[in-house]
Asker: 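The structure is given below, and queries will be raised subsequently.
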Amino acid sequence: MNDFIFQSPTRFVFGRGYTDRIGAEVAATGARKALVLYGGGSVERTGTLARVTASLDAAGVAHVEQGGIRPNPEVNQVRAAIETARSENADVILAVGGGSVIDAAKATAFGVPYDGDVWDFFAGTAAIEACLPIACVLTIPAAGSEGSGSCVISNDELNLKRGVNGDIFRPAVSVLDPELTFTLPPYQTAAGITDMIAHICERYFSGVGPVPVSDNICTGLIRAVMPAGTRAIEEPADYDARATIMWTSTLAHSDIAGCGRSLSPAARAGGWESHGLEHEISAHSPAVTHGAGLAVIMPAWMRYVWREDPARFLSFAKDVFDIEPVDDTEEAVADAVEATIDELQNYFASLGMPKTLDAFGAVPADVDAWIGTLEQNKGAEFGAFRRLTMDDARAIYLSAFA
Ligand code: NZQ
Ligand code: ZN
């Protein structure tokens, strides 16, 4: 087990109807005025936003609202939110939504105390040294941003989607109310489940291992969430299924599943190859849902790299799907690993996720543009399980078309 530093300072407030507690939770942080960020309108339609503002009123927390944060949030929306937070003297940023709104809230929170342009942090020309507190009411379990030390923002002008990592902007408090997710469209439910499984796999296949404690957390979370996902698609208002999915989202990306598997104690475990490859697709086409992109890219990445460490994939096969090779010949191992990747991909498809990039209207000619920005983001090589050159990345993308 490698050395690690694990910091998860967020207070998680989990339960039925707990949305109405957000005001008291925000007041308890000492904040006086919240900038409430939300997305394209789902929280207005469901009444969640009205509950949140009523709860803030009841707790004596002043507030100003700003909606319209899009999926794959854009830096100009963050710049606008920073202006609002400054002019309104907000001292807490409250996200009511999913990963996109929470990431916009995080970037706003560390953008407000900074004199320069917030994109500097994503360009790598400035380090985050100060940050307003962040609170969340999670409406879609997926990205894990409610507990993560990550923030991902797109820049349409540059065709870039970039993340920054740091414990300083982990949320102070996140309210997790599974009932809010009953209204999720099946596609978003499925994309969320795919994303959380990917967050676990990026850590499990980090090139460091085995680490029994973390391995069991990883495979146990996947075994818990898979049947819950199937159930939630069949019965959207099944509370226990929704609760299982919601808590898995948080644990999948809080870093608890990666402890002991990073290459330096303060670094996140894993090479994040599938995420790196997917982010180029949703950077160039913001209509692509991140989790849906992963449903296609991660199996393609697995098929390309598993020979680097077949034993690691066999552990995954046994512990998640109970698949074992019939003997120890190379052919039997290959059959078992390929069957495992098929099982995973078929599971995503059973929830309604696509199997090939064609589903997004992408064509092989798009790959050049993705490689161009991938190289800007990652350099000539990236990855931990197996180092990937840009030629490898191209081969993975091309293998993911029908
Ligand atoms: O915008 P509204 O109208 O609210 O609709 C949203 C949006 O269209 C809808 N939705 C959310 N809650 C709902 C609901 N519809 C009905 N009922 C509800 N209760 O769902 C759609 C997707 O929302 P979004 O926030 O975009 O989803 P997600 O949580 O998957 O976030 C995706 C973003 O997070 C980034 C992704 O790259 C992407 O930009 N990620 C962030 C990470 C992090 N900060 O740690 C890690 C991830 O790997 C990921 O990269
Ligand atoms: Zn993700």
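Atoms within a ligand are numbered from 1 in the order they appear, just like the ligands themselves.
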Asker: Would you tell me whether R162 and N155 have side-chain atoms, one donor and one acceptor, within less than 3.5 Å of each other?
Answerer: no
Asker: Going by the salt bridge (charged side-chain N to carboxylate O under 4.0 Å, His left out) test, name the single residue among D255, D215, D3 that passes it with R261.
Answerer: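 In the set D255, D215, D3, the residue that makes a salt bridge (charged side-chain N to carboxylate O under 4.0 Å, His left out) with R261 is D215.
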Asker: Charged N to carboxylate O below 4.0 Å: is that the case for D322 and K318?
Answerer: yes
Asker: When you measure from the Zn ion (ligand 2) to each N, O or S atom of H290, which atom gives the shortest distance?
Answerer: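 H290's closest N, O or S atom to the Zn ion (ligand 2) is named NE2.
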Asker: Is a side-chain donor or acceptor of T10 paired with a backbone partner of A172 at a separation under 3.5 angstrom?
Answerer: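 No.
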Asker: List, for ligand 1, each N/O atom that has a protein N/O partner under 3.5 Å away, with both atom names and the distance.
Answerer:
residue  : atom   : partner : partner atom : Å
ligand 1 : 1 (O)  : G40     : N            : 2.7
ligand 1 : 3 (O)  : G40     : N            : 3.3
ligand 1 : 3 (O)  : G41     : N            : 3.1
ligand 1 : 3 (O)  : S42     : N            : 3.0
ligand 1 : 4 (O)  : S42     : OG           : 2.7
ligand 1 : 12 (N) : T139    : O            : 3.4
ligand 1 : 12 (N) : T139    : OG1          : 2.8
ligand 1 : 17 (N) : T183    : OG1          : 2.8
ligand 1 : 19 (N) : T139    : O            : 3.0
ligand 1 : 19 (N) : L180    : O            : 3.0
ligand 1 : 19 (N) : T183    : OG1          : 3.3
ligand 1 : 25 (O) : G99     : N            : 3.2
ligand 1 : 25 (O) : S100    : N            : 3.0
ligand 1 : 25 (O) : S100    : OG           : 3.4
ligand 1 : 26 (O) : S100    : OG           : 2.6
ligand 1 : 29 (O) : G99     : N            : 2.7
ligand 1 : 31 (O) : G99     : N            : 3.4
ligand 1 : 31 (O) : S100    : N            : 3.4
ligand 1 : 37 (O) : K161    : NZ           : 2.8
ligand 1 : 39 (O) : N72     : OD1          : 3.3
ligand 1 : 44 (N) : D103    : OD1          : 2.7
ligand 1 : 44 (N) : D103    : OD2          : 3.0
ligand 1 : 44 (N) : S145    : OG           : 3.2
ligand 1 : 44 (N) : S150    : O            : 3.0
ligand 1 : 45 (O) : S148    : OG           : 2.7
ligand 1 : 45 (O) : H253    : NE2          : 3.1
ligand 1 : 48 (O) : H199    : NE2          : 2.7
ligand 1 : 48 (O) : H275    : NE2          : 2.8
ligand 1 : 48 (O) : H290    : NE2          : 3.2
ligand 1 : 50 (O) : H279    : NE2          : 2.9
ligand 1 : 50 (O) : H290    : NE2          : 3.4

Asker: Once rounded to 10 degrees, what value does the angle at the Zn ion (ligand 2) take between NE2 (H199) and OD1 (D195)?
Answerer: 80°
Asker: Could you tell me whether the side chain of R70 and the main chain of N72 form a donor-acceptor pair under 3.5 Å?
Answerer: yes
Asker: If you measure from the Lys or Arg side-chain nitrogens to the Asp or Glu carboxylate oxygens, is any gap between R303 and D342 under 4.0 Å?
Answerer: yes
Asker: Distance only, no hydrogens: is a donor on one side chain within 3.5 Å (strictly under) of an acceptor on the other, for H63 and T53?
Answerer: no
